[in-house]
Number of protein chains: 2
Amino acid sequence: MSRSNPRVLATLERAGGFASAQEVYQLMQREGERIGLTTVYRSLQSLLSDKIVDLLHREDGEAIYRLCGESHHHHLVCKNCGDTVEIEGGAIEKWANSMAQEHGFREVGHTAEIFGLCSKC
Amino acid sequence: MSRSNPRVLATLERAGGFASAQEVYQLMQREGERIGLTTVYRSLQSLLSDKIVDLLHREDGEAIYRLCGESHHHHLVCKNCGDTVEIEGGAIEKWANSMAQEHGFREVGHTAEIFGLCSKC
DNA sequence: TATGAAAATGACAATCATTTTCATTTATGC
DNA sequence: GCATAAATGAAAATGATTGTCATTTTCATA
């Protein structure tokens, strides 16, 4: 069973707590850290199963890891220029919880992202 | 400019209006239709840009296409057994629209999925 | 009915994220 | 020091998706 390499977590934090495995790896490379892509993937998976990060997906399907404990928010993404705004999701939390309760689900999480064209595009 | 092959749309309908490109392709193969994987991808993309289908992603990131006009709903997915319940998302529509308006975004869409442990697991 | 331009098709190769394999290095207890 | 388990990373494997390109089909018009 592999444990997480602490530099991976540190890098994810430095990246704003929101990045893909590839991005974490490239960031570490650029900063001169000597680490393999495999280790980055393994560490992120380990952080995921320890519930230190969550997993969600970008529009193109690429997996992105988000630090838990970051205030839970969602994103409004421009599908043209990629500009991203963080937004509050209180309404979603309530919706997710009530739906889960209604259907007898426990330990629920959710993903919700909104995409469209920003005012500039 | 490539137009969508009508058999692709027909197959997606037959599949319940909810399937990945690979699934549509395999289904067509099994039913003896002579079509290439490339054409399936192209047709789905074309249906997407014509707004006849939407795109969303499975937990593993694989792209799934959903027929628009199917009543818009979301999913509650058991992360253990994969069991899925369709749920209404009226609250989400409102949230997405108000957030979009607040930040000046137009032509917005959204994805929202809830996952947890179902009552059996 | 011929013809030719444009669109559609599909085999195949390329790309990209992710996972697996496996040999090597590092850490740890004895 | 030594044995053993854990961690690491290079390289290959995998799987979805996209790009390329030669061929076929469609279809309006000569």
Side-chain angles (χ1 to χ4, degrees), chain A residues 1-12 15 17-50 52-67 75 77 79-80 82 84 111 113 115, chain B residues 1-12 15 18-50 52-67 77 79 82 111 113 115:
Chain A
M1 214 118 308
S2 77
R3 251 174 263 138
S4 160
N5 182 315
R7 293 178 294 153
V8 170
L9 180 55
T11 305
L12 182 59
F18 201 70
S20 70
Q22 300 285 340
E23 287 166 352
V24 168
Y25 174 67
Q26 283 166 32
L27 195 53
M28 294 181 82
Q29 293 289 300
R30 277 190 227 107
E31 294 177 353
E33 304 232 33
R34 226 180 299 93
I35 194 168
L37 181 57
T38 316
T39 302
V40 172
Y41 273 101
R42 267 192 296 239
S43 293
L44 288 169
Q45 273 162 3
S46 167
L47 290 168
L48 184 65
S49 62
D50 293 346
I52 295 168
V53 303
D54 298 325
L55 177 59
L56 39 102
H57 293 274
R58 249 199 258 291
E59 275 293 290
D60 69 353
E62 186 176 358
I64 50 189
Y65 297 86
R66 173 176 59 192
L67 264 180
H75 294 92
V77 183
K79 55 190 168 186
N80 184 239
T84 298
T111 63
E113 307 297 325
F115 43 91
Chain B
M1 212 126 304
S2 81
R3 248 171 268 138
S4 157
N5 182 315
R7 292 177 294 152
V8 170
L9 179 55
T11 304
L12 182 59
F18 203 68
S20 70
Q22 300 284 342
E23 287 165 352
V24 168
Y25 174 68
Q26 281 165 33
L27 194 54
M28 293 179 82
Q29 292 289 300
R30 275 190 230 107
E31 293 177 353
E33 304 233 32
R34 224 179 300 94
I35 194 168
L37 180 56
T38 316
T39 302
V40 172
Y41 273 102
R42 267 193 296 239
S43 293
L44 288 170
Q45 274 162 2
S46 166
L47 290 168
L48 184 64
S49 62
D50 292 346
I52 294 168
V53 302
D54 299 323
L55 176 60
L56 40 102
H57 293 274
R58 249 197 260 287
E59 276 292 289
D60 68 355
E62 185 177 357
I64 49 187
Y65 296 85
R66 171 177 62 191
L67 265 179
V77 183
K79 53 190 168 187
T111 62
E113 307 296 325
F115 44 90

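Being a predicted model, the structure only gives us computed values, none of them experimental. We name chains A, B, ... by the order of the sequence lines, and we start the count at 1 in each one.
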Is the shortest heavy-atom distance from the side chain of A:Glu33 to the side chain of A:Tyr25 under 4.5 Å? no

Touch check for A:Glu23, heavy atoms < 4.0 angstrom, all strands: base, sugar-phosphate only, or nothing? nothing

CG of B:Leu44 versus P of D:dT18: gap in Å, rounded? 10 Å

Does the side chain of A:Leu9 come within less than 4.5 Å of A:Tyr65's, by heavy atoms? no

Rounded to whole Å, the CG-P distance (A:Leu48 to C:dT19) equals 10 Å

Answer with yes or no whether A:Thr39 presents, from its side chain, a donor or acceptor under 3.5 Å of a partner atom in the base of D:dA7. no

Can you check whether A:Asn5 has a side-chain N or O nearer than 4.0 Å to OP1 or OP2 of D:dA7? no

Counting any heavy atom closer than 4.0 Å, what does A:Ile35 reach on the DNA or RNA strands: base, sugar-phosphate only, or nothing? sugar-phosphate

Would you say B:Tyr41 reaches D:dT17's phosphate, i.e. side-chain N/O to OP1/OP2 under 4.0 Å? yes

Protein-nucleotide distance (B:Leu55, atom CG; D:dT18, atom C1'), rounded to Å: 14 Å

State, yes or no, whether a side-chain contact exists between B:Val8 and B:Ile35 at a heavy-atom distance under 4.5 Å. yes

With a 4.5 Å cut-off on side-chain heavy atoms, are A:Glu31 and A:Leu27 touching? yes

Rounded to whole Å, how long is the line connecting atom CD of B:Glu62 with atom P of C:dT19? 14 Å

Calculate the interatomic distance between A:Gln26 atom CD and C:dA17 atom C1'; express it in whole Å. 11 Å

Measure NE2/B:His57 against P/C:dT18 and give the value in whole Å, please. 12 Å

Gap between atom CD of B:Gln22 and atom CG of B:Leu37 - 0.5 Å precision: 5.5 Å

What is the distance, to the nearest angstrom, from the CD atom on B:Gln22 to the C1' atom on D:dT14? 12 Å

Rounded to whole Å, how long is the line connecting atom CG of B:Leu37 with atom P of D:dT20? 17 Å

Donor/acceptor link under 3.5 angstrom from B:Thr38 side chain onto base of C:dA11: yes

Would you say B:Gln45 reaches D:dT18's phosphate, i.e. side-chain N/O to OP1/OP2 under 4.0 Å? yes

Selection from D:dG9, D:dC21, C:dA17 that lies nearest to any side-chain heavy atom of B:Arg42: D:dC21

So what does A:Arg58 hit on the nucleic acid, given a heavy-atom distance under 4.0 Å: a base, only sugar-phosphate, or nothing? nothing

